[in-house]
J.: 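Provided herewith is a single structure, encoded as structure tokens, for subsequent inquiry.
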Amino acid sequence: MTNMSMNFNRTLSASFAASAFVAWMGVAPALAAEAPAAPAAAKVSSFASSVDLGPLFRTAVQADGRLRSFESHAKTYMGYVAGSRPLKDQSFGFTYLDMIFRATDYIDRPIIYVKNKDFLGQLLQVMVEVKEIQPAEADAYLKTRLLPPSLFSHPAVRSRMDELSRDVIRTEKPVSQLRGALNVAQPALLLQELRFVAPPTGERNDPWIAMRDLAATAPRDSAHAGMARSMVPAGLDPELAGSISDTWAKLGAAWRGEDAAAVNVQIARLAELVRQVSPELHPSPGRLGLESWYFRWYGMTWVWLIYLASIVPLLMSVIYKWNGARRVGMGIFFLAIAAHTASVIIRWIVSGRWPNTNMFEAVTTAAWFGSVLALVLEFAARKSLMRNLFALGAAIGSMVALMIAYFAPTGMDSAISNKMAALDDVWLYIHTNVIIASYALIFMGGVSALLYMAYRWGRAWALKAINPVRLMILPVAMAICGYAGYVLLMHIVSPTHRLPIEKMWAVIAVIFFSGLVLVLEMFSAKARGRAGMAIEHAAAGGAGTLMAAGAQRPGFIRLAPPTLGQVFDGATMVLMELSFIMLWAGLVMGAIWADHTWGRPWGWDPKEVFALNTFIIIIALIHVRLKVRDKGLWTAVLALAGCAVMLFNWIVINFIIVGLHSYA
Amino acid sequence: MNHAEIPAGGAAARGRSTGPLTALLNLFSNVWFGVALLVLLFVYCSIGSAVPSLRENALLDMTEFEWFHWWPFDVLVVLFSVALAVVTIRRIPLRLVNAGVWTIHTGIIMMVLGSYIYFGTKVEGDAPVFRRHVKIQVPGVETPATLLCSPGAFTEIGNKPNVWRFEIQETKTDWPILSGDDKGKRAYSANVLVRKPSGETFIRQLLDGYPQYTEDLVFSRENPAPQRAKNVLGRPLVDEELGLALELEPQKYFHVMQTWALFVRRVGDTEWHERPIRRMPRYNDRIRFADQVFATHPMTPNPIDIEVPAAGEQDPLRAASVRVKGYLRYAQLIQRWSEGPELNPLLQFSASSKEGRATYPELLAFDPQRNHTEDANVEFVFLADAKQLETYPRDARAILRIELPTAGQSVDVPLGGGTIVGDQGSFTPIEGTDFAYRIRQVAGGLQFEDGPVSIAIVDVKTPDKTFTRMVADNPRRTVDMLDAADPHGGHGRMSRELDPRFVMTYRPASSPVSFLATPDGRLHLSYNGDFAPHYVREVFVGQPTQVVSDITLTVDRFLMKAVSEVKPQVVPPAQRRRDVAEQMSMILLEVETSAGAQSVWVPFNSYVFPNEQYGMGTRFVYTPVRFAMPDGRAVEVVFSRERRELPDPIALDDFHLRTHIGGYAGRADTILNYVSELRFQQDGGWSDQTPIMVNEPTENGGFWYFQSMWDPPAQGPGTGMNFTGLGVGNRNGVYVQLAGCTISVAGMIFAFYVKPIIRRRRQEKSWAKAAGRTGADRPEEAMVLAD
């Protein structure tokens with residue numbers, strides 16, 4: 001390795017590390033606000049920590065057309081009330097039962113999560129005006145977004161909610177979510193939705209029996225001796241119904257008395273009793289236990305940490321071509337894929353269908369596809385210099401995807417729901433999976449394109465051919481232009497992100513000038529000439545690079561070893577070509593599905609239009625590459641543009657411009 | 001795909017003659033031209049999809065579909081396809097290595113052609129298909145009538161006073177068969193409430209597929225719940241001559257998506273005449289004057305004037321000029337009060353207590369039905385003379401006045417705890433006569449067609465008989481009971497022909513709170529209740545008045561000369577639901593005949609139905625608007641969408657759900673699929689059942705039927721499910737599209753993964769040849785190859 005390239009390598013790794021650190025510092029505080037508490041928090045109350053809900057974790061509850069483990073059920077319902085984080089010091093299951101048995105304790109406890117900050121601000125303002133709370137308290141509530149239910153019962157607050165519910169664009173949804181939370185927080189509803197007891201008929205389509213119906217039967221104790229027991233649900237053995245009802249009553253009494261030992265006895269007994277009714281309808285305890293474990297451990301989204309650990313050695317192996325780093329990096333990457341695969345399989349087993357039905361599943365499964373495809377590409381490229389690069393791209397992609405799922409559980413709920421009828425189709429399965437896999441590849445292509453740009457920039461920096469101050473303009477202009485572009489985009493597409501007109505013009509001006517600077521700097525022939533690297537791209541480009549690499553050539557032909565820039569460019573093309581085919585095939589399969597489901601293959605739905613737009617960018621990339629001189633730079637620019645359009649499709653279109661494909 | 005295959009087109013072209021055609025061909029052969037078209041397509045698609053406000057503005061006013069079928073888009077696609085064809089033929093030599101590029105480009109051109117066939121001939125719409133109707137054969141009426149099976153739907157047959165009334169009381173999808181060979185099976189059932197001209201009422205239960213099990217349920221005095229006629233009368237049917245039977249309900253039409261049409265017919269006719277409305281706005285409100293509507297946001301007048309030409313000779317409005325003069329995207333017709341020329345006192349007020357705030361509907365002093373609140377706690381009275389304020393209230397107690405014209409006597413009985421004695425109490429004699437009375441009870445708030453009624457039930461004893469009179473505050477509702485023993489009565493035992501020896505009037509107790517309007521335009525509140533001493537004080541609009549300790553009333557509006565106005569209220573944009581689409585839209589229709597012009601707002605109906613039954617108890621709206629014609633007959637008009645005939649009439653034999661575990665629980669995520677069992681009317685009969693469900697459509701006569709909407713049970717399982725919604729559409733050219741897409745995918749695989757192998761083999765061959773030629777280490781040659 002020459003001094004020059006070592007210099008560059010140092011510069012590149014330093015700049016990469018610095019930018020990663022800066023990005024992390026920028027993102028981490030924002031995300032940390034939503035970070036879940038560790039499962040075993042230090043301050044757990046002694047009663048909560050002594051209660052053993054283990055037997056219930058292996059007990060089924062029927063709700064929303066599914067059979068869930070109790071913990072999974074509790075997580076779903078507590079999610080409606082307090083958001084996707086467990087309440088302080090309590091598991092979801094404990095909170096669910098506690099809200100039933102000690103309902104009054106929760107009236108003034110901050111348990112109602114209000115997601116929308118602007119909406120919450122408006123309600124808090126009313127609460128301050130009517131002197132329900134002090135301004136300082138309002139600030140605190142705005143920070144935690146958790147409020148006690150009692151605050152919402154004031155007539156002024158209720159009438160403000162009515163008013164806000166009429167604004168269907170901005171505040172109707174938050175109001176309905178809040179009303180839903182207040183409704184679910186009622187013990188009667190929690191009891192109604194707690195269906196442990198299977199229908200005695202053994203019929204799959206018959207509803208399960210709610211604990212509210214069983215709890216209403218009088219317990220067989222001395223206090224209730226002689227009382228009529230007329231409430232036993234039809235078909236259920238009265239003896240058994242009585243035992244379940246007794247156990248429930250005793251559980252409640254022990255719970256209220258904070259007698260953990262007695263609670264544990266009754267929980268074990270309840271779990272045993274409910275299994276006696278139509279046992280053939282209950283899933284196996286193992287499967288339910290697995291489900292509870294999965295949800296107690298955040299849907300295994302912590303796997304992002306393993307991906308993170310693989311990134312540094314993989315990056316080192318790409319830049320320095322160290323075999324040691326490659327072995328370590330690939331080893332950790334394998335481990336991450338194994339854990340990621342396990343999470344996908346667990347979810348598959350628990351939900352009884354391939355996990356690609358909601359946003360959480362689409363994102364995590366897409367990331368998994370990316371990682372698996374990266375493994376295949378790594379195998380194909382094992383003898384080329386591109387090796388490790390696909391793993392690196394996939395590791396970054398999967399890490400980002402799982403981090404979002406881990407740190408923003410309210411935006412991307414991991415609860416398992418049933419598929420809509422329209423989604424139950426084999427073509428749809430193939431279509432969505434091929435599309436999300438191609439999106440993962442586009443993201444990986446974006447990573448290698450970014451590395452290519454960083455390489456070009458680092459090379460110019462190392463050669464000192466351009467004034468370093470001037471060279472700094474490029475990333476700064478890119479950051480400013482990118483952020484301003486995002487703000488403008490949100491202004492255009494989202495009614496809740498509207499800017500005042502003068503601000504909008506200011507943002508447009510910022511985009512124009514920063515974009516101008518960016519273009520001038522990026523494509524300045526003089527600057528490139530000074531950097532001494534006007535053209536640097538993979539000779540055959542794309543898959544051809546991989547296939548030509550293994551060609552048998554006579555010993556006298558010594559090909560010049562490719563530069564790192566050529567390697568990055570080649571990898572980008574490999575990924576772009578593959579995603580080009582997969583995206584197109586996915587679109588075609590989507591059209592086939594839509595044609596026989598809705599009667600038209602193409603409906604100009606925003607989601608499909610932006611998938612087509614992403615495809616158009618890749619077509620442009622392939623053809624522009626034919627014509628331009630600086631193929632590497634243009635390929636990188638368009639690959640990044642394709643990645644941006646894909647992310648726009650996934651984030652902005654999904655969350656803001658709702659279309660037919662809004663489920664994923 | 002490698003740049004090496006494409007010769008430097010510009011340089012080659014420059015060498016040749018440059019006529020206009022060559023120049024054009026050169027332009028189309030230029031890759032940059034193609035890339036520029038791609039960029040334009042990208043921008044066009046992005047704007048159309050992500051910035052709906054742009055295509056929906058008043059100038060364009062386009063749906064997504066219209067935007068993507070607008071000529072600029074077509075031009076872009078055609079230019080791109082031509083460029084693709086020209087560049088392929090002129091610049092890409094047809095060789096094995098280029099087979100991939102050729103295939104991709106050919107595939108894409110095929111797909112574009114297929115799309116032109118597809119979208120050029122596309123007809124897409126929807127149709128509701130109901131499950132059953134009841135065929136009604138009334139004795140003495142020749143033509144049978146039909147009644148749609150939808151709970152709440154009713155029809156009346158015959159001329160007054162011989163009117164039969166039929167109403168669907170209930171439908172069930174899973175009525176168990178309890179006897180016979182099919183015991184244990186379940187069938188669709190409909191309960192029809194029948195009222196005979198005599199007033200006799202019973203329920204006829206019809207079971208689909210089991211006419212032999214048809215039976216009637218009757219009401220009796222002893223038991224308010226209906227009982228089987230078999231058990232009460234000894235026979236299954238009350239009226240053997242009345243024929244009711246369930247039949248399939250055929251649907252002959254579907255309505256085309258995103259179109260507008262006007263349907264007209266003479267009132268009484270059965271067939272509609274369709275007039276398509278073209279060039280109508282969709283997203284933007286169009287009015288001529290701001291005061292044509294009620295709106296809380298500023299509305300700029302921007303009128304339209306669209307002629308709606310006659311459909312044919314049969315069109316009853318063919319001689320009239322029919323024009324659309326206004327359009328509202330999201331509005332509802334409401335009634336409001338404003339100041340008018342004539343005295344008509346109106347009051348709107350709200351009440352607040354610790355529990356919250358309640359708003360009451362307006363009170364009209366001159367309308368006996370609306371001059372008090374429903375709970376009768378507040379009344380609104382106009383006093384012709386302000387001096388009456390001092391004497392108001394009159395006696396607040398309820399009074400029963402008994403007049404005996406023959407004896408020339410009258411008695412005022414104040415109704416209170418002592419005078420109401422129940423049906424076991426003793427009679428009070430009327431002095432100087434042989435008559436005696438007993439007040440059993442008083443009741444208020446009884447609902448009648450002409451408003452709520454209060455009554456006093458009085459037993460009267462005369463030397464010859466004892467009978468009961470129900471004395472109503474509205475004298476028209478006072479009746480005599482022919483059987484004094486049973487105050488609840490039975491069918492045909494009440495009489496409005498009152499015993500002339502007695503004239504009784506009943507004045508219920510006055511409300512505790514009275515608002516009193518006086519001719520000088522002032523308003524007073526009089527309290528006359530039990531929780532505070534009586535007072536009268538003046539009240540003002542907007543100022544809360546504490547009535548008793550924790551109840552405060554606020555007058556929100558007080559008009560002395562109120563006049564009612566009905567106009568569309570335009571919903572502010574922030575309150576418009578996206579999924580409502582055009583459901584809340586309406587047009588201002590002007591119909592000009594020789595007798596003059598009439599302008600009426602006509603609300604949008606998704607479908608034009610044969611009659612009003614289809615809007616009863618269903619989720620559909622049926623609101624025809626009538627116009628008077630110079631010949632005295634009326635014409636009715638429905639504003640809807642264009643309608644097409646289906647290849648064959650279609651009927652819904654059965655509809656059921658497939659559910660997730662635990663069955664349907666009122667939420668969509670508990671449903672696995674929706675199944676409509678359809679039948680097509682062919683060759684004079686009905687075809688076998690054809691099931692369709694989401695993801696499994698069926699085809700008939702070139703049209704495909706898709707499951708798209710359903711009738712959810714409103715009260716839990718066993719109700720609802722009375723219709724299905726079908727998407728209907730053709731799909732010409734879809735196989736050309738598909739073939740194009742498939743071969744382009746194959747081409748991509750060839751270009752990216754097969755071609756490099758071919759090139760590699762060729763390279764290896766040439767290397768082998770070079771090695772054989774030189775047999776030496778030639779680094780300079782290596783550099784050439786590497787480049």
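By convention in this document, chain letters (A, B, ...) are assigned in the order of the sequence lines, proteins followed by strands, and residues within each chain are numbered from 1.
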J.: Heavy-atom pairs under 4.5 Å with chain B - which of A:Thr171, A:Val588, A:Ile592, A:Leu281 has more of them than the others?
T.: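 Heavy-atom pairs under 4.5 Å are most numerous for A:Val588.
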
J.: Could you check whether any side-chain heavy atom of B:Pro572 comes within less than 4.5 Å of a side-chain heavy atom of A:Arg166, counting everything from C-beta outward?
T.: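 Heavy-atom side-chain distance check fails, nothing below 4.5 Å.
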
J.: Less than 4.5 Å to any heavy atom of chain A: does that hold for the side chain of B:Gln707, its backbone, both, or neither?
T.: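 Nothing of B:Gln707, per the 4.5 Å heavy-atom cut-off to chain A.
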
J.: I need the residue from A:Leu67, A:Ile581, A:Val609, A:Asp206 with the largest number of non-hydrogen atom pairs under 4.5 Å to chain B.
T.: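 Of the options given, most contacts go to A:Ile581.
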
J.: My understanding is that only residues two or more places apart in sequence, or in another chain, count here; which of them pass salt bridge (charged side-chain N to carboxylate O under 4.0 Å, His left out) with A:Glu172?
T.: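 Once residues adjacent in sequence are excluded, the partners of A:Glu172 under the salt bridge (charged side-chain N to carboxylate O under 4.0 Å, His left out) criterion are B:Arg577.
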
J.: How long is the gap from CH2 on A:Trp584 to CE on B:Met111, to the nearest 0.5 Å?
T.: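 So the CH2 of A:Trp584 and the CE of B:Met111 are separated by 4.0 Å.
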
J.: Can you tell me how far CD of B:Glu124 sits from CZ of A:Arg600, rounded to the nearest 0.5 angstrom?
T.: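 These two atoms lie 4.0 Å from each other.
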
J.: Quick check: closest heavy atoms across B:Gln737 and A:Pro601, and the distance to 0.1 Å?
T.: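 Taking B:Gln737 first and A:Pro601 second, the nearest heavy atoms are OE1-CG, 3.8 Å.
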
J.: Just so I know, are the side chains of B:Trp32 and A:Val628 near enough to count as touching, which here means a heavy-atom distance under 4.5 Å?
T.: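 Yes. Closest side-chain heavy atoms under 4.5 Å.
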
J.: Taking side chain as everything from C-beta outward and backbone as N, CA, C, O, which of these in A:Arg66 sits under 4.5 Å from a heavy atom of chain B? Side chain, backbone, both or neither.
T.: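 The backbone, not the side chain.
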
J.: Kindly write out the residues that satisfy ring pair (Phe, Tyr, Trp, His ring centres under 6.0 Å) with B:Phe68, not counting sequence neighbours, or none if the list is empty.
T.: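 Ring pair (Phe, Tyr, Trp, His ring centres under 6.0 Å) check on B:Phe68 returns A:Trp604, B:Phe73.
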
J.: So which of B:Thr659, B:Asn673, B:Leu738 has the largest heavy-atom pair count under 4.5 angstrom toward chain A?
T.: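 Greatest number of close heavy-atom pairs with chain A: B:Thr659.
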
J.: What part of B:Ile749 gets closer than 4.5 Å to chain A, counting heavy atoms only: side chain, backbone, both or neither?
T.: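 Both parts, heavy atoms under 4.5 Å.
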
J.: Does A:Trp634 have more than 12 heavy atoms from other residues, nucleotides or ligands lying within 6.0 Å of its CH2?
T.: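 Atom CH2 in A:Trp634 is not packed in, count stays at 12 or less.
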
J.: In Å, rounded to the nearest 0.5 Å, how long is the span from SG of B:Cys45 to CD of A:Glu608?
T.: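 So the SG of B:Cys45 and the CD of A:Glu608 are separated by 11.0 Å.
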
J.: Might you point out which heavy atoms bring B:Ser49 and A:Pro606 nearest each other, and give the distance in Å?
T.: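 Where B:Ser49 meets A:Pro606 most closely, the heavy atoms are OG-CA, 2.9 Å.
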
J.: Does A:Ile622 reach the side chain of B:Phe752, with side-chain heavy atoms less than 4.5 Å apart?
T.: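 Yes, close enough: below the 4.5 Å cut-off.
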
J.: Examine whether an atom of B:Leu38 lies under 4.5 Å from a heavy atom of chain A, and if so say whether it belongs to the side chain, the backbone or both; otherwise answer neither.
T.: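 Both backbone and side chain.
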
J.: Count the heavy-atom pairs under 4.5 Å between each of A:Asn205, A:Ile617, A:Leu612, A:Leu587 and chain B, then report the option with the highest count.
T.: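 Answer, by heavy-atom pair count under 4.5 Å with chain B: A:Asn205.
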
J.: Is the side chain of A:Asn418 donor-acceptor paired with the backbone N or O of B:Thr670 at a distance under 3.5 Å, no angle test?
T.: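 Such a contact is absent between A:Asn418 side chain and B:Thr670 backbone.
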
J.: Could you check which of B:Asn695, B:Asp669, B:Val745 has the highest count of heavy-atom pairs closer than 4.5 Å to chain A?
T.: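 Of the candidates given, the most pairs with chain A belong to B:Asn695.
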
J.: Pick whichever of B:Tyr674, B:Trp704, B:Tyr118 has the most heavy-atom pairs under 4.5 Å with chain A.
T.: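 The candidate making the most pairs under 4.5 Å is B:Tyr118.
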
J.: Near A:Lys173 NZ, under 6.0 Å, is it more than 12 heavy atoms from other residues, nucleotides or ligands?
T.: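 Atom NZ in A:Lys173 is not crowded, with 12 or fewer foreign heavy atoms closer than 6.0 Å.
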
J.: Roughly how far apart are B:Ile661 CD1 and A:Glu203 CD, rounded to 0.5 Å?
T.: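 Here the rounded value is 11.0 Å.
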
J.: Heavy-atom pairs under 4.5 Å with chain B are the metric here; pick the option from A:Leu578, A:Val645, A:Asn613, A:Ile616 that has the most.
T.: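 Looking at each of A:Leu578, A:Val645, A:Asn613, A:Ile616 in turn, A:Asn613 comes out on top.
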
J.: Side chain from CB out, backbone as N, CA, C, O: work out which of these in A:Asp167 comes under 4.5 Å of a heavy atom of chain B, or both, or neither.
T.: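 Both parts, heavy atoms under 4.5 Å.
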
J.: Out of B:Val39, B:Val694, B:Val728, return the one with the most heavy atom pairs under 4.5 angstrom to chain A.
T.: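 Highest number of pairs under 4.5 Å: B:Val694.
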
